[in-house]
Amino acid sequence: MSSRFSYSQKLSNPLQNNLASHIVGELFSPEECDEAHRIISQWQGYQPTPLMSLSDIAASAGVDQIFYKDESGRFDLGSFKALGGAYAIDCLMHKAPENKLVVCTATDGNHGRSVAWAADFCQAECHIFIHAKVSAARADALAALGATIHRVEGNYDDSIVACREQAVKYGWQIVSDTSWPGYRDVPKLVMTGYSVMTHELIQQLGDTKPTHIILQAGCGAMAGALIASMWLHWGPSLPTVIVVESDKSDCVYQSLKRDQIHLVNIVEETLMAGLSCGEVSELAWPIIRAGVSHVITINDEGIGPMVRWLANPTTSDRPAIVGGECSASGLIALLAIQQDPTLADEVGMDGRSRVLVIGTEGNTDAAVYDAIMRGDI
Ligand SMILES: Cc1ncc(COP(=O)(O)O)c(C=O)c1O
């Protein structure tokens, strides 16, 4: 099994220069993160998501411990994205005249569910733009939350363009997880919502500090939010941060290589639908640039085996975990690093390492998940 976990490209980030307070401060303050936690923890159904130890996979990877933050149960929406778009809508609703708001977003699925869920709760009209390859299961889940679905030709980045055009035409409020020049306030709220994961993690980890953190990136909003909020806690002793992305949408890799945000034209969709973004978020970029030590890109090959491994523990000390395609990516990267002694040495990973990965989603696309569990993928 293990020989299937390999990486496609690696980049040691030449631009990493230790995060500084002013870079993080431009994104959010400790007070803003505390406020997001205060508000989100009052939402009905809020519970911190569990932090698990994966001793079976850790033994295989030759590291001391793997901490896995399991986001599959987040507000019954199946992914951490429930924290971001919904938090932005909660904040926007309080500012909207007579609480009237029409919202829209582009999505691969999970961010849209967060937006549609909150819009439904607030009785706000909601328009969701999805690209041609977003699965029927994901589209149905969005429609079930009362959103109007707009199918767009092309890829994720084309769906953003369509969403922006319609928003201008009809005066809708865009609630995007990614930001671009002139559009920062709402994505900042989205990222502040994600910082709740860090708040929980710090409590769950107690005195134990990970040596490494592996974060998967689509547009990089989650990675940026977690790096920044962890920096607010750990400061310059922030663990080594490794980003993993799909080799079919390697926008962090390509941007770091050029030292500027670079749009990747996605010609083929990865199975990891949530990671299929061609451009790094403008807000996340300075944090990723300064805070990330290495980037690993992976292909889809290891996903099926890893999702099945999560579901079928090989030791008795952990439960079966429903981890979707994106959740597998951090663990695939970890095993790939450990199978390349030079790379393991470069990132400083060995038998004493304690590695934090985020299980960003559960079964968010039943057709794909079932096919994986049947062994068809
Ligand atoms: C399950 C899952 N994991 C990871 C990501 C990546 O997050 P970001 O686009 O903020 O980098 C996404 C994005 O949609 C996602 O849905």
Quiz item: With respect to E71, which candidate in T49, N110, T360 satisfies the side chain to side chain donor-acceptor pair (under 3.5 Å) definition?
Solution: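 Among the candidates, only T49 passes.
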Quiz prompt | Stepwise side-chain hydrogen bond (donor to acceptor under 3.5 Å, both in side chains) test for W309 and T314 | solution = CA-CA 8 Å; W309 195 353; T314 40; 3.1 Å; yes
Interatomic distance, [X] atom [atom1] to [Y] atom [atom2] [nearest 0.5 angstrom]:
X    : Y    : atom1 : atom2 : result
F5   : Q338 : CZ    : CD    : 13.5 Å
I202 : S229 : CD1   : OG    : 8.0 Å
D247 : T270 : CG    : OG1   : 7.5 Å

Count the heavy atoms of every other residue, nucleotide or ligand shown that sit under 6.0 Å from [atom1] of [X], and state whether that count exceeds 12.
X    : atom1 : result
Q47  : CD    : no
N17  : CG    : yes
K133 : NZ    : no
R258 : CZ    : yes

Quiz prompt | Test log, rule side-chain hydrogen bond (donor to acceptor under 3.5 Å, both in side chains), inputs H262 and Q260 | solution = CA-CA 6 Å; H262 178 77; Q260 60 181 4; 5.9 Å; no
Exercise. Start with the C-alpha gap between W43 and Y46, add the side-chain angles, then the distance that decides, and say whether ring-ring contact (aromatic ring centres under 6.0 Å, His included) holds.
Key: CA-CA 6 Å; W43 293 351; Y46 170 79; 8.5 Å; no
One thing to verify: whether [Y] and [X] come together as a salt bridge, which I'm taking to mean a side-chain N less than 4.0 angstrom from a carboxylate O.
X    : Y    : result
D64  : R352 : no
K81  : E361 : no
R184 : E282 : yes

Self-check item: Qualifying residue, where the test is side chain to side chain contact (heavy atoms under 4.5 Å, CB included) with V175 and the options are L189, T107, V186
Solution: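 The single option meeting the side chain to side chain contact (heavy atoms under 4.5 Å, CB included) with V175 is V186.
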Practice problem: Starting from the C-alpha separation in whole Å, work towards a yes-or-no answer on salt bridge (Lys or Arg N to Asp or Glu O under 4.0 Å) for E325 and R308. | Solution: CA-CA 10 Å; E325 304 83 84; R308 288 190 287 277; over 6 Å; no
Would you say [X] and [Y] make side-chain contact, with heavy atoms under 4.5 Å?
X    : Y    : answer
V355 : M349 : yes
V244 : V295 : no
R38  : E35  : yes

Practice problem: Go through the steps for E153 and H131 under the test side-chain contact (heavy atoms from CB on, under 4.5 Å), then give the verdict. | Solution: CA-CA 6 Å; E153 285 300 312; H131 65 80; over 6 Å; no
Practice problem: Check step by step if side-chain contact (heavy atoms from CB on, under 4.5 Å) holds for S12 and E346. | Solution: CA-CA 8 Å; S12 160; E346 248 183 65; 3.7 Å; yes
Practice problem: Take E200 and R74, measure what salt bridge (Lys or Arg N to Asp or Glu O under 4.0 Å) needs, and give me the verdict at the end. | Solution: CA-CA 13 Å; E200 295 175 359; R74 187 67 82 179; 2.9 Å; yes
Exercise. Take Y68 and L51 through the test side-chain contact (heavy atoms from CB on, under 4.5 Å) and record every step on the way to the result.
Key: CA-CA 6 Å; Y68 178 93; L51 185 67; 5.9 Å; no
Exercise. Please report the C-alpha distance between R354 and T208 in whole Å, then the side-chain angles of each, then the deciding distance to 0.1 Å, and finally whether the side-chain contact (heavy atoms from CB on, under 4.5 Å) criterion is met.
Key: CA-CA 9 Å; R354 296 177 299 277; T208 313; 3.8 Å; yes
Quiz item: Is there a side-chain hydrogen bond (donor to acceptor under 3.5 Å, both in side chains) between T297 and Q9 once you walk through the steps?
Solution: CA-CA 5 Å; T297 73; Q9 311 165 101; 2.9 Å; yes
